[in-house]
Amino acid sequence: MVLELLNTKATPHIITRCYPTSSTNKWSKNNFIDPEDNALWDEQDLSPIEKGNVYFWKEDSESWIHIFMPFKIMDLQTAQLIKGFKTYRSTKPFVTGKALASDRFSKSPKSCLQNFRFTKEFFSLFKARVKALNGLLEKDEVNLDLLVSNIKRSLSVSKELSNSISIYRDFYCTTSSIKLETEEKKNKALKDFSKVREGISSLLVEKQLIVKDLDRLSKEVNRKTSYIEASEWFNTLSKEIESLRNISFDRFEREIIHKHRVDTGYLENSSRPPTLMSLEKELDNLKRYYPSLQKVKSSDEDIKIELPGLSITFLSDGSTKVVGDPGVLKPYIEGSTVTQVRGRRKRSIHAKGEK
């Protein structure tokens with residue numbers, strides 16, 4: 001097994017070519033390569049940081065210090081930094097490529113690939129040794145400001161995508177939108193929706209990266225308040241993305257193709273688009289976003305509005321059927337007045353024009 005790690009802390013960048021040991025009697029080895037011509041660097045010409053001596057650290061709730069080496073694997077030189085650390089343990093993944101190892105095996109630095117840990121009592125000594133080596137020790141923690149900024153940027157993108165969908169739907173898919181009488185116009189419409197679909201896919205990838213950072217933040221010591229703040233922003237983003245995920249692009253594309261067929265004369269203008277579901281299902285879908293439709297029901301192709309004591313049905317043949325007392329509509333027509341009759345308060349409901 002050979003690993004290649006790009007050292008981005010070095011200027012210009014250097015590739016660390018890593019050769020994990022296959023024996024507990026030998027150390028793993030790091031070679032340093034110039035990425036421009038693949039030539040091997042002489043280590044004497046490299047600084048400690050160029051040789052990958054960069055260490056990210058974090059503390060867990062049980063006072064273990066976890067170290068990650070992003071630009072090299074454990075070798076004899078690095079082992080000197082943790083010499084005498086009685087609580088030293090290599091952590092997964094190990095040089096074997098496996099995620100599990102016996103406690104005895106993990107006590108040997110030779111078993112380490114890029115991750116190890118020790119208890120907090122040895123941290124000051126480790127820090128001093130890294131400093132004496134002129135290496136770099138950085139705390140491995142989530143940058144709250146950067147995380148919130150990334151969430152806000154994704155929120156902005158989600159709103160732009162949602163706005164684009166509304167614009168394209170009105171522009172291409174309604175009876176009053178432009179004619180799609182040519183292949184070029186039809187393909188342009190399909191391409192515009194395809195770009196939005198791709199944008200949503202990219203947004204989902206970005207969301208997963210944010211989820212990983214949130215998970216890391218939730219496990220960091222003394223970062224509870226930071227986690228709550230980031231989570232609140234993320235919850236808003238999740239709702240926006242969920243709304244976008246519920247959009248049926250298949251339906252939009254079918255509507256465009258149907259309109260193209262109508263506009264080119266292959267179908268009658270009155271023909272029903274194949275994207276339409278039953279009236280009941282279409283209404284149920286709309287009710288999710290328009291609460292005012294809650295009193296509207298459907299039966300086959302008829303629309304029914306139900307009020308206490310009255311039912312109005314608009315039939316598919318254009319006629320209207322009323323069942324009940326139309327008088328119950330009075331409160332909705334004009335209003336009411338309050339008068340005193342024989343010492344008691346009385347409300348009178350009247351329609352427009354009544355006194």
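Side chains are part of it too, since the values below use all heavy atoms of this structure and drop only hydrogens, waters and symmetry mates.
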J.: Which heavy-atom pair separates Leu203 from Ser154 by the least distance, and what is that distance?
T.: CD1-O, 3.6 Å
J.: Is there a donor-acceptor contact under 3.5 Å from the side chain of Thr21 to the main chain of Ser23?
T.: yes
J.: Please name the residue in the list Arg216, Lys58, His66 that meets the side chain to side chain donor-acceptor pair (under 3.5 Å) test with Asp140.
T.: Arg216
J.: Taking atom CG of Leu40 as the centre, report whether more than 12 heavy atoms of other residues, nucleotides or ligands fall under 6.0 Å from it.
T.: yes
J.: Is the shortest side-chain heavy-atom distance between Leu113 and Leu3 below 4.5 Å?
T.: yes
J.: Under a 3.5 Å distance rule, please check whether Ser90 uses its side chain to pair with a backbone N or O of Phe105 as donor and acceptor.
T.: no
J.: Mind jotting down which residue pairs meet the salt bridge (charged side-chain N to carboxylate O under 4.0 Å, His left out) criterion with at least one end in residues 28-53? Sequence neighbours excluded, please.
T.: none
J.: Mark yes or no for whether Gln114, through its side chain, and Met69, through its backbone, hold a donor-acceptor pair below 3.5 Å.
T.: yes
J.: Are Phe249 and Tyr168 joined in one hydrophobic group, where the rule is that I, L, V, M, F, W and Y side chains link up if heavy atoms are under 4.5 Å apart?
T.: yes
J.: What's the separation between atom CD in Glu229 and atom CG in Leu147, rounded to the nearest 0.5 Å?
T.: 9.5 Å
J.: Are the side chain of Ser108 and the backbone N or O of Arg104 linked by a donor-acceptor pair below 3.5 Å?
T.: no
J.: Take atom NZ of Lys207 as the centre, draw a 6.0 Å sphere, and report whether it contains more than 12 heavy atoms from other residues, nucleotides or ligands.
T.: yes
J.: Side-chain heavy atoms under 4.5 angstrom apart, residues restricted to Ile, Leu, Val, Met, Phe, Trp, Tyr: same cluster for Val148 and Leu237?
T.: yes
J.: In Å, rounded to the nearest 0.5 Å, how long is the span from NZ of Lys92 to CG of Asn115?
T.: 10.0 Å
J.: On a heavy-atom basis, which atom in Thr264 and which in His260 lie closest, and how many Å separate them?
T.: OG1-O, 2.7 Å
J.: For the pair Lys139 and Glu141, evaluate salt bridge (charged side-chain N to carboxylate O under 4.0 Å, His left out) and give the outcome as yes or no after the intermediate values.
T.: CA-CA 6 Å; Lys139 189 171 185 180; Glu141 66 178 5; 3.7 Å; yes
J.: Nearest 0.5 Å, what's the CZ-CD1 distance between Arg169 and Ile256?
T.: 9.5 Å
J.: Can you list the steps and then say if Leu81 with Ile67 is a side-chain contact (heavy atoms from CB on, under 4.5 Å)?
T.: CA-CA 12 Å; Leu81 299 175; Ile67 305 294; over 6 Å; no
J.: Ser149 side chain to Asp145 main-chain N or O, any donor-acceptor pair under 3.5 Å?
T.: no
J.: Other hydrophobic cluster members with Leu209, side-chain heavy atoms of Ile/Leu/Val/Met/Phe/Trp/Tyr under 4.5 Å, chained?
T.: none
J.: Within the structure provided, determine whether Ser158 and Leu155 are in side-chain contact (heavy-atom separation under 4.5 Å).
T.: yes
J.: Honestly curious: do Leu244 and Ile210 fall in one hydrophobic cluster under the side-chain, below-4.5 Å linking rule?
T.: yes
J.: Determine whether a donor-acceptor pair (N or O, by modelled atom type, separation under 3.5 Å) exists between the side chain of Ser218 and the backbone of Asp215.
T.: yes
J.: Measuring from atom CD1 of Ile65 to atom OG of Ser124, what distance do you get when rounded to the nearest 0.5 angstrom?
T.: 10.0 Å
J.: Stepwise, does the salt bridge (charged side-chain N to carboxylate O under 4.0 Å, His left out) test hold for Lys195 with Glu198?
T.: CA-CA 5 Å; Lys195 287 180 179 178; Glu198 291 172 3; over 6 Å; no
J.: Please give me the minimum heavy-atom distance between Val221 and Ser61, naming the atom from each residue.
T.: CG2-N, 3.7 Å
J.: Testing the basics here: between Leu5 and Cys18, what is the closest heavy-atom pair and its distance to 0.1 Å?
T.: CD1-SG, 3.7 Å
J.: Mind listing the closest non-hydrogen atom pair of Val54 and Pro70 along with its distance?
T.: O-CD, 3.3 Å
J.: Side-chain contact test, heavy atoms from C-beta onward, threshold under 4.5 Å: evaluate it for Met74 versus Val95 and give yes or no.
T.: no
J.: Evaluate Lys188 against Glu184 for salt bridge (charged side-chain N to carboxylate O under 4.0 Å, His left out), listing each step before the verdict.
T.: CA-CA 6 Å; Lys188 174 65 166 58; Glu184 291 76 12; over 6 Å; no
J.: Nearest heavy-atom pair of Ser28 and Asp75: which atoms, and what distance?
T.: O-CB, 3.5 Å
J.: For the side chain to side chain donor-acceptor pair (under 3.5 Å) test, which of Asn7, Asn30, Thr78 pairs with Lys72?
T.: Thr78
J.: Apply side-chain contact (heavy atoms from CB on, under 4.5 Å) to Asp263 and Lys185, showing your working.
T.: CA-CA 11 Å; Asp263 292 344; Lys185 288 184 177 181; over 6 Å; no
J.: I'd like to know if the side chain of Ser106 reaches the main chain of Asp103, judged simply by a donor and an acceptor atom lying under 3.5 Å from each other, with no hydrogens or angles considered.
T.: yes
J.: Which value, rounded to the nearest 0.5 Å, describes the distance between Ser243 atom OG and Leu161 atom CG?
T.: 11.0 Å
J.: Does the side chain of Glu255 come within less than 4.5 Å of His258's, by heavy atoms?
T.: no
J.: What distance do Glu206 atom CD and Gln208 atom CD have between them, rounded to the nearest 0.5 Å?
T.: 10.5 Å
J.: Are Leu315 and Val323 connected in a single hydrophobic cluster, I mean Ile/Leu/Val/Met/Phe/Trp/Tyr linked by side-chain heavy atoms less than 4.5 Å apart?
T.: no
J.: Quick check: does any side chain N or O of Arg223 sit under 3.5 Å from a backbone N or O of Val142, one acting as donor and the other as acceptor?
T.: yes
J.: For residues Lys219 and Asp60, determine if any side-chain heavy atom of one lies less than 4.5 Å from a side-chain heavy atom of the other.
T.: no
J.: Counting distance only, does the side-chain N/O of Ser156 pair as donor-acceptor with the main-chain N or O of Lys152 below 3.5 Å?
T.: no
J.: Is a side-chain donor or acceptor of Ser63 paired with a backbone partner of Lys120 at a separation under 3.5 angstrom?
T.: no
J.: Grouping I, L, V, M, F, W and Y whenever their side-chain heavy atoms are under 4.5 Å apart, do Ile303 and Val322 come out in a common cluster?
T.: yes
J.: Stepwise, does the side-chain contact (heavy atoms from CB on, under 4.5 Å) test hold for Asp192 with Tyr172?
T.: CA-CA 10 Å; Asp192 284 341; Tyr172 293 126; 2.6 Å; yes
J.: For Glu62, does the CD atom sit with more than 12 other heavy atoms under 6.0 Å from it, leaving out its own atoms?
T.: no
J.: Which pairs, with at least one residue in residues 7-56 and sequence neighbours excluded, count as a ring pair (Phe, Tyr, Trp, His ring centres under 6.0 Å)?
T.: Tyr55-Phe126
J.: So for atom CG, which belongs to Asp317, do other residues, nucleotides or ligands contribute more than 12 heavy atoms lying within a distance under 6.0 Å?
T.: yes
J.: Side-chain contact, heavy-atom cut-off 4.5 Å: Lys83 with Gln80?
T.: yes
J.: Tell me which one of Phe122, Phe116, Trp64 satisfies ring-ring contact (aromatic ring centres under 6.0 Å, His included) with Tyr88.
T.: Phe116
J.: Could you please spell out the steps behind the side-chain contact (heavy atoms from CB on, under 4.5 Å) verdict for Val130 and Lys127?
T.: CA-CA 5 Å; Val130 172; Lys127 183 177 180 180; 6.0 Å; no
J.: Any non-hydrogen side-chain atom of Ile14 less than 4.5 Å from a side-chain atom of Phe71?
T.: no
